[in-house]
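Everything numeric in this text was worked out from a predicted model, so none of it was measured. Hydrogens, waters and symmetry mates play no part in the numbers below; they use all other heavy atoms, side chains included.
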Amino acid sequence: MTKSDREIMGILEAFDLTRCAHSAARLAGVDEKTVARYVAIRDSGGDPLAPSRRPRSIDAFLVKIEELVARSDGLIRADVVHQRLVAMGFTGSDRGTRRAVAEAKAAWRDGHRPAGRPWVTEPGRWMQFGWSDGPRVSGRGTQLFHGWLPWSRYRSVIPTWDRTRGTLRSAMDTTLRRFGGAPTCLVTDDTRMLAFDGRTGAPVRHPEFVAMGRHYGCQVLGCQPYAPGGTGTGEFTARIAKDDLMPTTAGMLPAYDSFAELTQACALWRERANNRPQRKTGTSPTARLAIERQHLHAVPTEPHAAARGELRLIETDRRFLELVGDGGRVAAAMGARQRL
């Protein structure tokens, strides 16, 4: 039963007088636990007179609701939010969702937007990807391309010889087909595809990768600079893969004699990492991927044209000189090319 302000102040006054919860309860005519509860609220810096609210099953999803309301400028419907929350594991009724969405929209209209939110994952929305240095094979360095679905925690690692744009496009196409679909957003902090504006610090997307994202129906996004919270999960995936795939000086892992051995090791690592139950979710990434695939959109039958290879720079230079001719026009054309 809710106590009035006068009753609460009487309980606190009785405790200050007796310094004993049992004696204050007898003096105020309430239960001993009621005295202890109000005293604990006051001692922790809270307001004992503030109305108490029972915890709700939707409280764990309030941050996600605020994000959806802010991202849609307050236009998203409560039934759409409820469908997204059910996909994320919410078991409550749509009535509670409607109330929470109404509260979030009212707060958004009043301008009370959270300054910084934790990243709440959502099935089918994000994929993070990046690069890391791989082991040396026959004296030649390799690269590891990492793809990661944050909600299902499904990982993919592909070994490559380099980090050229054509290699990245090919690895991206292979990764999306392994996932069984494409998400809404592709998130990376790779400087090869993103350039940061010196005046605002905002990432400027490369036109070629914007075209790649358009081909797969994805939006290419860049993480904010100096904000490790947005790339921590992807970088953690890269570190785990490197620890399991890189040969060490202690001799725990042998060196790779061929690129085929490295490819087979990456495949075995992918099977082991994705079939192991996660401590936080209690299920394996493979099992959660089956759920997330329902929220991914189809990958085009044909890969992006640039994923099949790219012209070498020397060939580009040769064709460029053939177009502009020779003599004095060559130097002028090369100067224009460098300015471009």
Side-chain angles (χ1 to χ4, degrees), residues 61 63-65 67-68 71-72 76-77 79-91 119-131 145-158 168-190 193 205 209-223 230-238 241 266-267 269-278 280-307:
F61 302 91
V63 176
K64 188 62 182 178
I65 293 176
E67 176 194 335
L68 294 173
R71 207 167 69 220
S72 65
I76 192 169
R77 302 195 313 269
D79 59 332
V80 177
V81 175
H82 184 72
Q83 294 175 2
R84 291 175 178 266
L85 298 186
V86 170
M88 296 173 60
F90 177 60
T91 57
W119 190 28
V120 181
T121 58
E122 179 182 348
R125 177 160 180 81
W126 290 289
M127 168 190 164
Q128 285 186 324
F129 66 95
W131 294 95
F145 176 83
H146 307 271
W148 151 274
L149 293 175
W151 186 83
S152 62
R153 297 169 176 260
Y154 193 90
R155 301 176 173 93
S156 176
V157 177
I158 299 177
L168 189 148
R169 298 186 190 97
S170 178
M172 178 66 69
D173 184 83
T174 302
T175 300
L176 293 178
R177 298 185 189 281
R178 285 180 179 176
F179 291 161
T184 304
C185 302
L186 304 176
V187 185
T188 183
D189 60 348
D190 186 10
M193 63 178 301
R205 297 171 296 175
F209 294 103
V210 173
M212 180 192 68
R214 189 183 302 113
H215 176 78
Y216 294 106
C218 306
Q219 184 180 8
V220 180
L221 301 176
C223 298
T231 59
T233 54
E235 293 177 357
F236 184 69
T237 301
C266 291
W269 180 89
R270 185 177 68 253
E271 294 295 327
R272 183 174 64 254
N274 293 322
N275 292 319
R276 181 174 57 230
Q278 298 286 316
K280 185 174 181 179
T281 61
T283 58
S284 66
T286 301
R288 289 173 66 89
L289 178 63
I291 301 175
E292 186 164 10
R293 278 176 176 169
Q294 302 175 9
H295 303 273
L296 300 173
H297 56 265
V299 179
T301 305
E302 294 293 332
H304 191 238

Apply side-chain contact (heavy atoms from CB on, under 4.5 Å) to M172 and M212, showing your working.
CA-CA 9 Å; M172 178 66 69; M212 180 192 68; 4.3 Å; yes
Pairs where residues 175-188 contributes a residue and the test salt bridge (Lys or Arg N to Asp or Glu O under 4.0 Å) is met, not counting sequence neighbours
D173-R177
What are the two closest non-hydrogen atoms of [X] and [Y], and how far apart are they?
{"X": "P150", "Y": "T121", "value": "CB-CG2, 3.6 Å"}
{"X": "C218", "Y": "P183", "value": "SG-O, 3.1 Å"}
{"X": "L168", "Y": "F209", "value": "CD2-CE2, 3.6 Å"}
{"X": "G282", "Y": "P277", "value": "O-CB, 4.3 Å"}

Dump the intermediate steps for side-chain contact (heavy atoms from CB on, under 4.5 Å) on W269 and R155, then the final yes or no.
CA-CA 10 Å; W269 180 89; R155 301 176 173 93; 3.7 Å; yes
Quick one, V81 with F61, criterion side-chain contact (heavy atoms from CB on, under 4.5 Å). Give me CA distance, side-chain angles, the key distance, then yes/no.
CA-CA 10 Å; V81 175; F61 302 91; over 6 Å; no
Hey, what do you get for [atom1] ([X]) to [atom2] ([Y]), rounding to the nearest 0.5 Å?
{"X": "L221", "Y": "W126", "atom1": "CG", "atom2": "CH2", "value": "10.0 Å"}
{"X": "F90", "Y": "I65", "atom1": "CZ", "atom2": "CD1", "value": "7.5 Å"}
{"X": "Y216", "Y": "R169", "atom1": "OH", "atom2": "CZ", "value": "10.0 Å"}
{"X": "Q128", "Y": "L149", "atom1": "CD", "atom2": "CG", "value": "10.0 Å"}
{"X": "L176", "Y": "L186", "atom1": "CG", "atom2": "CG", "value": "6.5 Å"}
{"X": "F129", "Y": "M127", "atom1": "CZ", "atom2": "CE", "value": "6.5 Å"}

Taken in chain and number order and not counting sequence neighbours, the residues that satisfy side chain to side chain contact (heavy atoms under 4.5 Å, CB included) with V86 are H82
State which residues pass side chain to side chain contact (heavy atoms under 4.5 Å, CB included) with A171; sequence neighbours excluded, sorted by chain then number.
F145, I158
Keeping H146 on the side-chain end and G130 on the backbone end, is there a donor-acceptor pair under 3.5 Å?
no
For the pair H304 (side chain) and S170 (backbone), establish whether a donor and an acceptor sit closer than 3.5 Å, ignoring hydrogens and angles.
no
Sequence neighbours excluded, every pair satisfying side-chain hydrogen bond (donor to acceptor under 3.5 Å, both in side chains) that has a member inside residues 281-294:
S152-E292, N275-T286
List for me each residue that meets ring pair (Phe, Tyr, Trp, His ring centres under 6.0 Å) alongside H295, sequence neighbours excluded, and say none if there are none.
none
Can you name the residues that form a side chain to side chain donor-acceptor pair (under 3.5 Å) with H215, not counting sequence neighbours?
none
side-chain contact (heavy atoms from CB on, under 4.5 Å) evaluation trace for R153 with K280
CA-CA 11 Å; R153 297 169 176 260; K280 185 174 181 179; 3.2 Å; yes
